[in-house]
Structures are given as C-alpha cells and as structure tokens.
Amino acid sequence: TNSNYASGVIMPTFGDESARGFFLRDGGYYFALSDYIDLAVTGEIYTKGSWGLAARSTYRKRYKFSGNFNASYLVTRLGDKDLPDYSLSKDFKINWTHTQDAKANPFQTFSASVNFSTSSYDRNNVTGYYSPSSTNNTKSSSISYSRRFPNSPFNISATMNVNQRTRDSAISVTLPDISVTMSRIYPFKRKSAIGAERWYEKISLSYSGYLRNSIDTKENMLFKSNLIKDWQNAMKHTAQTTTTFNLFKNIQITPSIDYNEYWYTSKIEQEYDIRKQQLVARDTTYGFYRVFNYSTSVSASTTLYGFFKPLPFLGNKV
C-alpha cells in the first residue's frame with residue numbers, strides 16, 4: 001500500500017452463458033505497485049472448460065513517459081469433445097500505448113501504439129461482443145524509435161508495423177524498417193587550420209543506409225515462416241562525395257560521385273519464353289547477392305560583373 005493507492009481483491013461477476021456454461025469472470029487482484037505504476041490481474045473460468053487470464057497496467061512518470069498495457073489469453077472450448085461440433089481455440093490480445101514526454105530526451109524518441117490480437121479473439125471474447133472491436137475488420141500496430149547522436153553526424157530511426165485483416169486472418173508485418181543517415185562531413189578538413197584552405201579540405205562525404213524486412217502471410221503461418229525464403233528483405237547503401245575548386249581563379253568546378261549498393265538474400269533467374277515472347281522466372285536461388293551502380297558528374301560556374309551607364313534623358317525638342 002502507498003499514500004495514494006491500495007492493493008486489494010477484485011470481486012468477480014457470475015452468470016450463465018449457453019455455449020460455455022456457468023462462469024466467474026473479471027475477478028482477481030489489484031496491485032498498487034508504486035506511485036508510477038499499477039497492475040491488475042484478472043481471470044475467467046467456465047464450467048464447460050473455457051478459461052482466460054488478463055493483465056492490465058497503467059504507468060506514468062512525470063516529464064518522462066506514460067502509457068498503458070493490456071494483455072489477455074483466452075482458451076475457448078465449445079461443444080462436447082466426442083461430437084463433430086467440438087472446437088478448441090487459443091487466442092491472445094495485446095494492447096499497448098506508450099508516449100514519451102517531449103522534454104524527456106532531446107536526442108531520442110520512442111513511441112508505441114499496439115493493437116494486436118488473433119483473428120478469432122474478438123469472436124470468442126464474450127465481453128467484447130458489443131464493442132466496436134468485435135466488428136472491426138482491420139487492425140494496425142506500430143512501434144517507432146529514433147536516435148540522434150550528439151557530436152556525431154549519425155542519425156538512426158527504426159519502425160515496426162503490423163496490419164491485420166480479421167476476415168481472412170491475413171497479416172502484413174514489416175520488421176524492422178531501419179534508416180541510418182550520416183550528414184555531410186569533411187573528413188580531410190584540418191581541426192586547426194593555418195593559412196589558406198587546401199583543395200582537399202573541401203572534399204565532403206555523406207551516407208544513408210536503409211534496411212527493410214517484410215512479409216505478407218496468414219496468422220497461423222507467421223511463426224512458421226523462413227526468414228530468408230519467405231520474408232522479403234534487402235538493404236540499400238547510398239554514398240556521395242563532392243568537392244569544389246577554382247580553375248583560372250574565376251571558374252568554379254564541382255565534381256561529384258554517387259554510389260549505390262544493394263544487398264539481397266535471393267535472386268530470380270529468368271529465361272526467354274518463345275511462345276510468350278517475354279522473360280519468365282525460371283528459378284529462385286538464396287544466398288548473399290550484391291548489386292551496385294555509380295555515376296559521376298562535373299559542373300562549372302562563374303560570375304560575371306559589369307557596369308552600365310545609362311544615357312541622359314534629353315526629352316523631345318519643340
């Protein structure tokens with residue numbers, strides 16, 4: 001017990017449900033853990049064998065973060081075990097919301113909005129029959145993180161996204177989706193410059209990297225999927241270097257080189273189909289494959305100065 005909250009028993013409700021029998025529901029215990037976080041653990045049990053457990057928590061730290069968490073696990077038995085209409089399903093649900101205070105950390109942000117459940121959870125959850133979630137056909141979840149490193153040109157951001165379609169248990173997952181950027185730097189610039197700037201001190205370099213890993217599948221196949229064969233994944237690297245120097249004192253020359261490199265874990269081999277008169281996929285091989293391209297460019301510019309003296313206005317003579 002603390003000064004503001006008190007732990008205690010949560011009394012259950014009781015009743016009768018035609019498919020699952022007599023029940024005790026939403027009973028358990030409330031824990032007043034501290035001034036920042038609490039926890040309620042509840043359960044439900046039915047005389048025909050169904051049961052469930054749930055845990056919910058709310059937390060908040062001033063000027064830091066706040067959020068709430070709710071997780072449930074539900075086992076549903078319908079019908080008699082020896083009859084054709086017997087069914088057994090195991091479902092779970094996770095709801096999580098996390099918000100970081102804007103004053104908490106100027107270099108790092110983290111947020112979460114998770115609404116994930118198995119496709120049959122809302123149908124089997126009696127308390128959700130008349131809630132909007134029981135008729136919601138699509139659900140989405142996202143978690144995002146970003147970090148800016150002080151006194152460093154590097155920034156990183158990462159997200160996770162999950163989209164569900166309850167009607168046919170389709171699920172789309174992107175995990176992770178990461179971007180790394182390095183702002184423009186001058187690697188050859190002297191820390192303590194003496195005299196005029198050297199030409200090589202103007203050479204600059206920038207970089208960005210991108211990694212994405214995603215899959216479109218069914219719920220029951222998600223955890224059986226192969227990371228290499230079933231997931232679509234690739235990484236892209238982009239680098240650019242440029243510099244500027246003067247030619248004949250008045251002409252500014254700016255050469256640059258752009259380089260792109262791609263990493264893949266699969267390759268599709270194609271062959272020409274004479275009947276279809278087009279390329280068709282013949283085979284897919286798995287491994288580490290690297291593809292790259294680059295381009296170069298040079299631009300020149302100068303500035304011209306001149307003087308123009310307008311003639312005096314004489315007007316019309318009569």
Side-chain angles (χ1 to χ4, degrees), residues 1-2 4-60 65-81 85-99 112-143 160 162-166 169 171 173 175 218-224:
T1 305
N2 58 52
N4 298 317
Y5 305 96
S7 300
V9 175
I10 302 174
M11 296 302 296
T13 59
F14 61 91
D16 183 16
E17 199 245 304
S18 59
R20 286 178 276 196
F22 293 98
F23 63 80
L24 290 174
R25 192 163 59 221
D26 299 329
Y29 199 84
Y30 174 80
F31 299 89
L33 301 178
S34 71
D35 292 335
Y36 307 109
I37 184 171
D38 64 3
L39 174 65
V41 178
T42 58
E44 55 187 291
I45 188 169
Y46 300 81
T47 55
K48 293 185 179 181
S50 298
W51 59 276
L53 288 174
R56 64 179 184 271
S57 176
T58 301
Y59 57 90
R60 180 181 182 87
F65 53 78
S66 62
N68 57 76
F69 181 83
N70 188 347
S72 303
Y73 181 75
L74 185 62
V75 176
T76 305
R77 299 177 188 270
L78 298 176
D80 295 325
K81 192 172 184 179
D85 62 347
Y86 174 78
S87 67
L88 171 64
S89 62
K90 299 178 181 179
D91 301 289
F92 69 93
K93 177 188 74 171
I94 297 176
N95 293 118
W96 179 33
T97 301
H98 180 91
T99 304
S113 177
V114 176
N115 179 23
F116 183 89
S117 66
T118 52
S119 57
S120 58
Y121 179 88
D122 292 322
R123 294 194 298 269
N124 292 327
N125 180 24
V126 177
T127 58
Y129 277 174
Y130 304 103
S131 67
S133 62
S134 63
T135 57
N136 187 11
N137 186 49
T138 60
K139 296 179 182 179
S140 61
S141 303
S142 65
I143 298 175
M160 181 202 76
V162 179
N163 293 301
Q164 296 176 264
R165 193 168 60 226
T166 306
S169 72
I171 185 169
V173 180
L175 173 68
K218 300 291 185 178
E219 285 181 12
N220 60 342
M221 297 300 296
L222 178 62
F223 295 105
K224 299 177 183 178

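Note that these values count all heavy atoms, side chains included, but never hydrogens, waters or copies made by symmetry. Here the structure is a predicted model, which means the values were calculated and not measured.
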Next item on the list: Of all the heavy-atom pairs spanning Glu219 and Thr118, show the shortest one and how long it is.
Entry: OE1-CA, 3.6 Å
Checklist line | Heavy-atom check, side chain of Leu78 versus side chain of Arg20, under 4.5 Å | finding: yes
Next item on the list: Look at the side chain of Asp38 and the backbone N and O of Thr58, then say whether any donor-acceptor pair between them is shorter than 3.5 Å.
Entry: yes
Item checked: Note, Tyr73 side chain near Trp51 side chain (heavy atom, < 4.5 Å) -> yes
Checklist line | Whether Thr138 side chain and Arg165 backbone form a donor-acceptor pair below 3.5 Å | finding: no
Item checked: OG-CG distance between Ser57 and Leu39, expressed to the nearest 0.5 angstrom -> 5.5 Å
Check: Considering only heavy atoms from C-beta outward, does the side chain of Ser117 approach that of Lys139 to under 4.5 Å?
Finding: yes
Check: Would you find more than 12 non-hydrogen atoms of other residues, nucleotides or ligands less than 6.0 Å from Ile45 atom CD1?
Finding: no
Item checked: Atom CZ of Phe22 with >12 non-hydrogen neighbours under 6.0 angstrom -> no
Margin query: For a 4.5 angstrom cut-off between non-hydrogen side-chain atoms, does Asn70 reach Ile94?
Written below: no
Notebook entry, point to check: Are any of the side-chain heavy atoms of Asp80 and Tyr86 separated by less than 4.5 Å?
Noted result: no
Next item on the list: Give a yes or no on whether the backbone of Ser142 and the side-chain of Ser113 come within a donor-acceptor separation of less than 3.5 Å.
Entry: no
Notebook entry, point to check: For Phe116, does its backbone N or O pair with a side-chain atom of Gln164 as donor and acceptor, under 3.5 Å?
Noted result: no
Check: Would Asn68 and Tyr59 count as having a side-chain donor-acceptor pair, cut-off 3.5 Å?
Finding: no
Checklist line | Interatomic spacing from OG1 in Thr42 to CG in Leu53 - rounded to 0.5 Å | finding: 8.0 Å
Note to self: I'd like to know whether CZ of Phe14 has more than 12 heavy-atom contacts from other residues, nucleotides or ligands below 6.0 angstrom.
What the structure shows: no
Checklist line | Residue list, salt bridge (charged side-chain N to carboxylate O under 4.0 Å, His left out) with Arg60, at least two apart or on another chain | finding: none
Check: Less than 6.0 Å separating the ring centroids of Phe23 and Tyr46?
Finding: yes
Check: Do the side chain of Ser72 and the main chain of Phe92 share a donor and acceptor less than 3.5 angstrom apart?
Finding: no
Checklist line | Within 6.0 angstrom of Lys90 NZ, more than 12 heavy atoms from elsewhere | finding: no
Notebook entry, point to check: Taking the side chain as C-beta and beyond, is there a heavy-atom pair between Asn95 and Phe69 under 4.5 Å?
Noted result: no
